[in-house]
Enquirer: 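Here it is: the structure, laid out below.
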Amino acid sequence: MTHLTKAAVQEFLAANPDLTTRRDIAKGLGLKGDQRRELRAILRDMEEGGDLVRTAKRAVARTDRPPGTTIVAFERIDNDGALIGRAVGRDGPYGPEITYAGQASAGPRSGKGRRGSRAESANTPGVGDRALSRLTERGGEWTARVIKKIDKRDDLPVIGLFTTTGHGGRIESANRKDRDEFLVDRDDMGGAESGDLVRAQRQGSHHSKRGYGPKRARITEIIGKVGDPRAASLIALHTHGLPETFPDEVLAEAEAGKRAPAQREDLTATPLITIDPEDARDHDDAVFAEQLPDGWRVIVAIADVAAFVTEGSALDREAYKRGNSTYFPDRVVPMLPFELSADACSLREDEDRACFAVEMEFDTGGTKRSHRFFRAMMRSHAKLSYEEAQTAIEGKPTPRASKVLDSVLKPLWGAYAAMAAARDRRGPLDLDLPEQKIIFAEDGTIERIAAKERLDAHRLIEECMIQANVSAAETLEQKRSGLIYRVHDAPSDTKIAAFSDFLATLKMKWPKGERPQTGRFNALLADVDGGDHDQMITEMVLRTQSQAVYSPDNLGHFGLNLRRYAHFTSPIRRYADLIVHRALVRALDQGPDGITDKALAQLEETASHITETERRSMAAERDATDRYMALFLADRVGAEFAGRITGVTKAGLFVRLSDTAADGFVPISSLSDEYWLFDDAAMSLVARNSGRRFDLGQQVSVQLREVAPLQGGLLLEMLSKPREKRKGEKSPSASSGRDRRGRGERHQRRKRQR
């Protein structure tokens, strides 16, 4: 029996790109016995050497030549308007870029006319879509004709808790939208045991081609144990597709580093300091201030990430892919490897670091009158926490803070007082919402949940960063450079109309045709502060706002009440800031690592991508926090809590618990035996006969009935009585809202018995 060679396998794959599984290759080569074991070893070596990519659990493909029929992920629009994608493997897209070339022929059964046209339109992919496609290669150029778009939901992995059964096992999904369990056959368990957290691929039902019958899945990875104190973050990380590790080539580049440009100003003698959270590991901004005869001089120095992460490098591609760092309660998924984010690019105390600085001058009233950007070498003279800086100003400095109290901290507070006065004149939206922090014990369990204290030290750093960001946008506009703005559009006419209708239910007026202004919102919030409708109106003002995004087009920043705004101050954790740094380098001729023409041409695509990665991170962070909150409250079922109604829907009420800020749900069916109507204008549930109501923002008492730590859900029972009918108010009719009947506990018991 002859030994199998790598060359023989390569030749077979080149001639048979559609035969991708080990079984296909073994059968095609006529392998038996020991030769099949040799094939397994050869395929593993080829995969580790980069010659093959894993496209599924048992399937591979050449990295330079995907199979003739495969799934393509369409990722972007190129400069010519063509839709570009890549083939999809187990670990994501791979191989050459592929251009969309229309629909694949459906054969003699395909019909023409309007119906066929609609089907073809529905099957046309866009950026972010995946589709089963037929690939063609000519002269090194790859094209794809789409056979069928893949439903994004069906393509999502299942993340959940595995339990063994007599015939295999089942997965309880961590996603609340997956209401059914997934059955797993013995052959698809992948070595999982009861209590494992797993990733699984959805499978079709065995009972029907139409997909009827139990949902099934095949386990592809064991990601942890349900008893792991960090399980909540693990679930969120895998559910939202966040990368857990960095590729080897990225780590190699990070470890090698890159020497900073020689021509830099020397700021090492300037007593710049960092002020960050107590547990911060990456320090990407430092500040300094001094008083002038007619105002203040402020320097904001930012880690010069552009000197280390060059455009087109492996580090850059990975940073773009991640878009930003993701901050879970117990860990960080960083945009850059630790070697950069917490070392070479971190402005650590008493260590020389490359920085990109902006020097700003303000008059005594806090109005900025000039600024300039420059690359420099700096040395942080002190690493302070927010609390440490605050207590130092209040007269209780630590030994470390004492060294910079007179030289840095007092001037910083003086400059901040001037900038704060200018901010108050500008009138940004005044929504200083409370936040909670999960405190962990040394063993990883949750010790307590505490409110984040909002100090002047926080506001000082925030205002310094805002001014630096404004300066970056102004400079790039003056230099006629493209850039990515951080934009926050004014509330839409539709949202303003809904807000006006809401206020009308409270006998308050808001002109629908009036142009939205932050000052108008602030005046309203001040008028109702401390009143019966305080929390209700605050919640509605927040809901009326647009969501901030990244864009190459300047729409201004409504919330900050600024005409132009860009992110410059956090390039360690946001790709947007890295783009702005590179644009400044080029516009100001500050070195060879400025933004390229190619990157400038792709600003719209980049802005869209990093907006999506930001939202992905926000969703993952929220999911992890919900699960940790549920885990913390799991042993308090039956306890009573004070809370506030933060959401009103036709299905029930969302209530935020006061002491933990955990969110729970009160089903409408459990409220009472009355018929309840959803009044969307007033954001209330109203009893049809009595007119009693539950309103958005209402303070209530609830009892914790059920906890689902895996999904992060809390089921609550309302203990507070609804508010009485408002004076002069008519009871709503069934046609004025969504009719729902509260069935009461007796009905619930009967339902369970049935």
Enquirer: Counting only heavy atoms from other residues, nucleotides and ligands, does the tally under 6.0 Å from CZ of Arg426 exceed 12?
Expert: yes
Enquirer: Donor-acceptor pair, distance only, cut-off 3.5 Å: does the side chain of Thr660 make one with the backbone of Ile449?
Expert: no
Enquirer: Apply salt bridge (charged side-chain N to carboxylate O under 4.0 Å, His left out) to Asp623 and list each qualifying residue two or more places apart in sequence or on a separate chain.
Expert: none
Enquirer: Please check this pair: side chain of Ser173 against backbone of Asn175, looking for a donor-acceptor N/O pair closer than 3.5 Å.
Expert: yes
Enquirer: Under a 4.5 Å cut-off applied to non-hydrogen side-chain atoms, are Thr538 and Leu431 in contact?
Expert: yes
Enquirer: List in chain and number order the residues that pass side-chain contact (heavy atoms from CB on, under 4.5 Å) with Gln535, two or more places apart in sequence or in another chain; answer none if no residue qualifies.
Expert: Arg644, Gln699
Enquirer: Looking only at non-hydrogen atoms, find the nearest pair between Ala450 and Arg448 and report the distance.
Expert: CB-NH1, 3.4 Å
Enquirer: Given Ile446 and Ile439, is the side chain to side chain contact (heavy atoms under 4.5 Å, CB included) satisfied, shown in steps?
Expert: CA-CA 6 Å; Ile446 302 172; Ile439 311 296; over 6 Å; no
Enquirer: Hey, what's the ring geometry for Phe665 with Phe654, parallel, tilted or perpendicular (30° and 60° as the breaks)?
Expert: tilted
Enquirer: Any sub-3.5 Å donor-acceptor pair from Thr367's side-chain atoms to Asp363's backbone N or O?
Expert: no
Enquirer: As an exercise, state the distance from CD1 of Ile645 to CG of Leu653, rounded to the nearest 0.5 Å.
Expert: 5.0 Å
Enquirer: Spell out, as yes or no, whether a donor-acceptor pair under 3.5 Å connects the side chain of Ser471 to the backbone of Gln467.
Expert: yes
Enquirer: So, taking the atom named OG1 in Thr518 and the one named CG in Asn561, what distance separates them when rounded to the nearest 0.5 Å?
Expert: 3.5 Å
Enquirer: Identify the heavy atoms of Gln698 and Lys721 that sit nearest to each other, and give their distance.
Expert: NE2-O, 4.0 Å
Enquirer: Parallel, tilted or perpendicular: which one describes the rings of Phe499 and Phe521, with boundaries at 30° and 60°?
Expert: tilted
Enquirer: Is there a donor in the side chain of Thr646 and an acceptor in the side chain of Arg656, or the other way round, less than 3.5 Å apart?
Expert: no
Enquirer: Does Glu612 reach the main-chain N or O of Ser608 with its side chain, forming a donor-acceptor pair under 3.5 Å?
Expert: no
Enquirer: Pair Trp676, Val686 - check side chain to side chain contact (heavy atoms under 4.5 Å, CB included), show working.
Expert: CA-CA 5 Å; Trp676 291 91; Val686 185; 5.5 Å; no
Enquirer: Surrounding CG of Asp534 (heavy atoms of other residues, nucleotides or ligands, distance under 6.0 Å), is the total greater than 12?
Expert: yes
Enquirer: Check side-chain contact (heavy atoms from CB on, under 4.5 Å) between Ala504 and all other residues, then give those that pass, not counting sequence neighbours.
Expert: none
Enquirer: Is the closest side-chain heavy-atom distance between Val648 and Leu685 below 4.5 Å?
Expert: yes
Enquirer: Which atoms form the tightest heavy-atom contact between Leu242 and Ala620, and what is the distance?
Expert: CD1-CB, 3.7 Å
Enquirer: Who passes side-chain hydrogen bond (donor to acceptor under 3.5 Å, both in side chains) against Asp285, sequence neighbours left out?
Expert: none
Enquirer: Which residues satisfy the side-chain hydrogen bond (donor to acceptor under 3.5 Å, both in side chains) test with Ser720, sequence neighbours excluded?
Expert: none
Enquirer: Residues in side-chain contact (heavy atoms from CB on, under 4.5 Å) with Thr611, at least two apart?
Expert: Val549, Tyr550, Arg615
Enquirer: Determine whether a donor-acceptor pair (N or O, by modelled atom type, separation under 3.5 Å) exists between the side chain of Asp695 and the backbone of Ser684.
Expert: no
Enquirer: Measuring from atom NZ of Lys495 to atom CZ of Phe502, what distance do you get when rounded to the nearest 0.5 angstrom?
Expert: 15.0 Å
Enquirer: Residues in ring-ring contact (aromatic ring centres under 6.0 Å, His included) with His609, at least two apart?
Expert: Tyr320
Enquirer: Sub-3.5 Å donor-acceptor pair from the side chain of Ser546 to the main-chain atoms of His488, do we have one?
Expert: no
Enquirer: Would Ile537 and Met508 count as a side chain to side chain contact (heavy atoms under 4.5 Å, CB included) if you check the C-alpha gap in whole Å, the side-chain angles of each, and the deciding distance to 0.1 Å?
Expert: CA-CA 11 Å; Ile537 291 176; Met508 302 173 74; 3.8 Å; yes
Enquirer: Are the side chains of Arg573 and Val332 in contact, using a 4.5 Å heavy-atom criterion?
Expert: no
Enquirer: Kindly indicate, with the supporting measurements, whether the criterion side chain to side chain contact (heavy atoms under 4.5 Å, CB included) is fulfilled by Met465 and Glu462.
Expert: CA-CA 5 Å; Met465 299 305 114; Glu462 182 180 275; 5.9 Å; no
Enquirer: Please find the pair of heavy atoms, one from Val580 and one from Ala472, that lie closest to each other, and give the distance.
Expert: CG1-CB, 4.0 Å
Enquirer: Can you list everything that forms a side-chain contact (heavy atoms from CB on, under 4.5 Å) with Ala232? Sequence neighbours excluded, please.
Expert: Arg627, Tyr628
Enquirer: Would you say that Ile610 contacts Ile579 through its side chain, given a criterion of any heavy-atom pair below 4.5 Å between the two side chains?
Expert: no
Enquirer: Sorted by first residue and then second, give each salt bridge (Lys or Arg N to Asp or Glu O under 4.0 Å) pair with at least one member in residues 465-476; sequence neighbours left out.
Expert: Lys368-Glu474
Enquirer: So Asp553 and Glu604, do their side chains get closer than 4.5 Å, heavy atoms only?
Expert: no
Enquirer: Say you draw a straight line from NE2 of His533 to CG of Asp527; how long is it, rounded to the nearest 0.5 Å?
Expert: 12.5 Å
Enquirer: Determine, using ring centers only, whether Tyr416 and Trp296 are less than 6.0 Å apart.
Expert: no
Enquirer: Taking Asp430 for its side chain and Asn522 for its backbone only, find out whether a donor-acceptor pair lies under 3.5 Å.
Expert: no
Enquirer: Taking all non-hydrogen atoms of both residues, which atom of Pro709 and which atom of Ala634 are closest, and how far apart?
Expert: CG-CB, 4.4 Å
Enquirer: As an exercise, state the distance from NZ of Lys437 to NZ of Lys452, rounded to the nearest 0.5 Å.
Expert: 7.0 Å
Enquirer: Which residues pass the side-chain hydrogen bond (donor to acceptor under 3.5 Å, both in side chains) test with Glu621, not counting sequence neighbours?
Expert: none
Enquirer: Excluding sequence neighbours, so at least two apart, what forms salt bridge (charged side-chain N to carboxylate O under 4.0 Å, His left out) with Glu477?
Expert: Arg564
Enquirer: Atom CD1 of Ile393 and atom CG of Asp456: how far apart are they, to the nearest 0.5 Å?
Expert: 9.5 Å
Enquirer: Would you name the heavy atoms of Leu483 and Ala473 that are closest together and state the gap between them?
Expert: CD1-CA, 4.1 Å
Enquirer: Is any side-chain heavy atom of Trp510 closer than 4.5 Å to a side-chain heavy atom of Arg520?
Expert: yes
Enquirer: Check the surroundings of atom CZ in Arg515: do more than 12 heavy atoms from other residues, nucleotides or ligands lie under 6.0 Å from it?
Expert: no
Enquirer: For a 4.5 angstrom cut-off between non-hydrogen side-chain atoms, does Thr326 reach Leu237?
Expert: no
Enquirer: Ignoring hydrogens and angles, tell me if any N or O in the side chain of Lys725 forms a donor-acceptor pair with the backbone of Ser690 under 3.5 Å.
Expert: no
Enquirer: Would you please name every residue forming a side-chain hydrogen bond (donor to acceptor under 3.5 Å, both in side chains) with Asp501, sequence neighbours left out?
Expert: Lys512
Enquirer: Is any side-chain heavy atom of Tyr675 closer than 4.5 Å to a side-chain heavy atom of Leu677?
Expert: no
Enquirer: Got a donor-acceptor contact below 3.5 angstrom from the Asn469 side chain to the Phe568 backbone?
Expert: yes
